[in-house]
Amino acid sequence: MACSFARTWRAGAMFRSSDPPSGRPLALAVALVVGGLLCLGLSWGGWMWHLKDKPGRGISEYLFARQDMWMLDAQAFALVLAGFAVAAVALRRSARAPAMRSGIRPSRRMDWLIGGGILLAVLIGWCGRTWVFHGYSVSRDELMVEMTAGAVAHGMIGWPIPTDWLAFRRAMLPEFYSPYGSDTHWTSIYLPVHATIRGLFQRIGAADLAAPLTLGVGLVALWHIARRLNPDRRDAVLVTMVMALGSAQLLVTAMTPYAMTSHFAFNMVWLALVLRGGALGHGLAALVAVLAAGLHQWHFPLLFIGPFILWMAANRRWGPALFHALVALALMIIWARLWPMVLIELVGPAPPSDVHRTNSILDKLQSLFGRLDKLQPLLNNARLIAWNNVLLLPLAGLAVLGVRWRGLWREVPIAFPLLLGVVVGLGLALYQGYGWGFRYMHGQIGALCLLAGLGWRAVVPADAPCGRALLAGSAVFALLGGLWLARDTERYVRGYASTMAAIRASEAEVVLVDIRGGYFMTDLARFGPGGMPGRPAVMALHMLRGADLRDLCANHRVAVMDYRQFQALGVHPLSLRFRGSQGIAQRRDYLASIGCDRPVIETPAG
């Protein structure tokens, strides 16, 4: 095994001989046109399958109609236009000797450009937390990160439940809580590494900088990998980085506490270390893999690491393959078996009245098969394409042209594990709820960018005069599209952020949230800034019984937040009728009968 560890993988060398001197301009043109038709097909298919003649829309359908459909139509037009332009240029140049013009050439200025782009991405992610999201987290996933980070910043893994709120603990934290010690502590069902990173930044007063800096680390690792795979084609390195830096999904997600930014970064660092080779490289990669599995759910990094273990075995590098297979087994044992034991030691066992799914291997398998009926390949893959550079998928698909098929039996190129992970991720297009892009593919975006660089070098020669124009055009398109997506996201989030600001400014001790009339209004039930329990205590009305309401109204100043208020503040209006809404209406009638239905905002319009 030591000999295998010492071997250096010449990943870049796998592609040198397959770079045609004159490129494959017609292949590029076909890929661009096919990509445009795919965008148009996803836009039309999503509309026909999920929206046309449908009486109600979930959040995925709503965001598709609001954002993705328009971006896909614009991308389709741009790709088809670019494809015909590339074909026209190729045919004209084939009829006469091509003039020598400079394409994208390596220079020190290129390195400064990429480095500056990474710093700018970090700054955009940091400022965007305020500019786009107003400091507000829209989803329960993000809230659990904030809650755990706040506890970690105070030296705990969760928050002890105050005695006064013990009877109302489920109304204050309705879902995604860990069953362990749930009768005494609020802890998250998610694993702790990502929240711990945020908690460490929170201790120095910079919690919102954690995700942008993590993104920066991932981009630097991606840059390093691209240079290693393309040592003789710095233009392909630039293409890889333009795909990443122009990804609205990477940038906007880094404005949130979502764990997906960490998954992207840890995957890239892991791959960089594996390609470094040697005992040190593989040993550090193993440590990164274990930490990556503990970010929030342990199965996510396996979707990235697994294909590379197969790649090592296919290339008869048995030592590294066996080593990383054992690491994969170890990380499952650590996070699926040992971590629950740690939680039991810290906060106590799960009470018999509150046992639900955790992070065990069996629980993960049951969860996966139980959600197969929620596959949404049209909506989720459309969202992935709409939120990334217009050239990303066409170029990534062209990577197969760079494979030396005759020598495949001697050495399997790195394009194969990259492609395998991407294909599996695209296939597992499960319902995601909120997501700025398709967040379940976030860990594979680095692979897509690397494939795009390999696809570029397979069809575009280093001195191609059209290369600079094509890449610059895609960057401008990504900038304009990203600005529009960020602006529209801000308009959507603003109503929720204003509602939460009104709740926190209330003089009430308890605010009850009537969830009728908006998407995911249960997520207004949250702790205070920094994930800390505080006043007012925000509770989901439908999680309380009549006796609970009577107790709260008798002992606390109570106010109600409902659709009359939050819709006036900008939350997208929905029907008040759904399964369970009658029970909420009955609770409202009871509150009115005891004079305990004062609104948080007396005159929302004012």
Side-chain angles (χ1 to χ4, degrees), residues 129 133 135-162 165 169-170 172-214 253-263 265-266 290-301 334-336 338-348 350 354 356-359 363 433-434 439 522-534 537-538:
R129 181 63 181 163
F133 288 93
Y136 180 83
S137 296
V138 297
S139 71
R140 182 64 60 183
D141 287 20
E142 297 166 86
L143 294 177
M144 301 313 289
V145 173
E146 291 181 344
M147 185 195 77
T148 304
V152 169
H154 287 78
M156 300 178 289
I157 195 60
W159 294 105
I161 303 175
W165 301 129
R169 63 188 185 277
R170 292 289 76 84
M172 296 176 68
L173 188 64
E175 56 188 347
F176 295 179
Y177 59 88
S178 170
Y180 299 108
S182 62
D183 53 350
T184 59
H185 287 75
W186 283 306
T187 55
S188 173
I189 195 172
Y190 294 126
L191 298 173
V193 173
H194 173 71
T196 299
I197 295 172
R198 183 177 175 88
L200 294 175
F201 278 86
Q202 187 168 325
R203 281 188 64 90
I204 61 173
D208 292 336
L209 188 56
L213 280 179
T214 303
T253 303
M255 302 173 188
T256 74
Y258 272 124
M260 294 304 164
T261 298
S262 290
H263 280 296
F266 276 61
V290 172
L291 292 175
L295 286 171
H296 94 296
Q297 295 195 64
W298 53 259
H299 65 278
F300 274 101
I334 290 170
W335 296 113
L338 299 183
W339 176 247
M341 297 169 62
V342 173
L343 280 179
I344 291 173
E345 184 67 25
L346 293 175
V347 298
D354 202 4
H356 59 271
R357 190 179 75 249
T358 58
N359 284 296
D363 290 329
Y434 280 118
R439 58 188 171 95
T522 303
D523 293 340
L524 288 175
R526 61 182 63 198
F527 297 158
M532 298 175 59
V538 188

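Index from 1, following the sequence.
Contacts classified as side chain to side chain donor-acceptor pair (under 3.5 Å) and involving residues 525-534 (residues at least two apart or in different chains) are given here: Y136-R526.
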Between D141 and R439, is the side-chain contact (heavy atoms from CB on, under 4.5 Å) condition met? List the steps. CA-CA 12 Å; D141 287 20; R439 58 188 171 95; 3.3 Å; yes
Carefully, step by step, assess I189 and M144 under the rule side-chain contact (heavy atoms from CB on, under 4.5 Å). CA-CA 8 Å; I189 195 172; M144 301 313 289; over 6 Å; no
Hey, mind stepping through Y177 and R169 against side-chain contact (heavy atoms from CB on, under 4.5 Å) and telling me if it holds? CA-CA 10 Å; Y177 59 88; R169 63 188 185 277; over 6 Å; no
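Residues F176 and L143 fail the side-chain proximity criterion, which asks for heavy atoms closer than 4.5 Å. Contact annotation: the side chain of M532 approaches that of H154 to within less than 4.5 Å [non-hydrogen atoms, C-beta and beyond]. When side chains are defined from C-beta on, L173 counts as touching M147, because their heavy atoms get closer than 4.5 Å. The side-chain heavy atoms of F266 and L295, taken from C-beta on, include a pair separated by under 4.5 Å. Two residues are said to be in side-chain contact when any heavy atoms from C-beta on lie closer than 4.5 Å; L343 and S178 meet this criterion. Considering only heavy atoms from C-beta on, W335 comes within 4.5 Å of V290 through its side chain. For the pair W339 and I334, the minimum side-chain heavy-atom distance is 4.5 Å or more. Residues I157 and Y180 form no side-chain contact, since every pair of their non-hydrogen atoms from C-beta on lies 4.5 Å or further apart.
Using modelled atom types, one side-chain atom of W159 and one backbone atom of G531 make a donor-acceptor pair closer than 3.5 Å.
Smallest separation of non-hydrogen atoms from E142 and S139: OE2-OG, 2.7 Å. Between A254 and A211 the shortest heavy-atom distance is O-CB, 3.4 Å. Shortest non-hydrogen contact noted between L191 and W298 is CD1-N, 3.7 Å. Closest heavy-atom contact between G158 and P160: O-CD, 3.7 Å. The minimum heavy-atom distance between Q202 and G150, with the atom names listed, is NE2-CA, 3.5 Å. What you find for E146 and P257 is that their closest heavy atoms are OE2-CG, 3.8 Å.
A side-chain donor-acceptor contact under 3.5 Å links S137 and R129.
With rounding to the nearest 0.5 Å, the separation of CZ in F133 from CG in D208 is 11.5 Å. To the nearest 0.5 Å, atom OG1 of residue T522 and atom CZ of residue R140 are 7.5 Å apart. Note: T187 OG1 to L346 CG = 9.5 Å, rounded to the nearest 0.5 Å.
Using cut-offs of 30° and 60° for the angle between ring planes, the Y190 and H296 rings count as tilted.
For S262, the side chain to side chain donor-acceptor pair (under 3.5 Å) partners at least two apart in sequence or on another chain are H194. Checked against side chain to side chain donor-acceptor pair (under 3.5 Å), T196 has no partners two or more places apart in sequence or in another chain.
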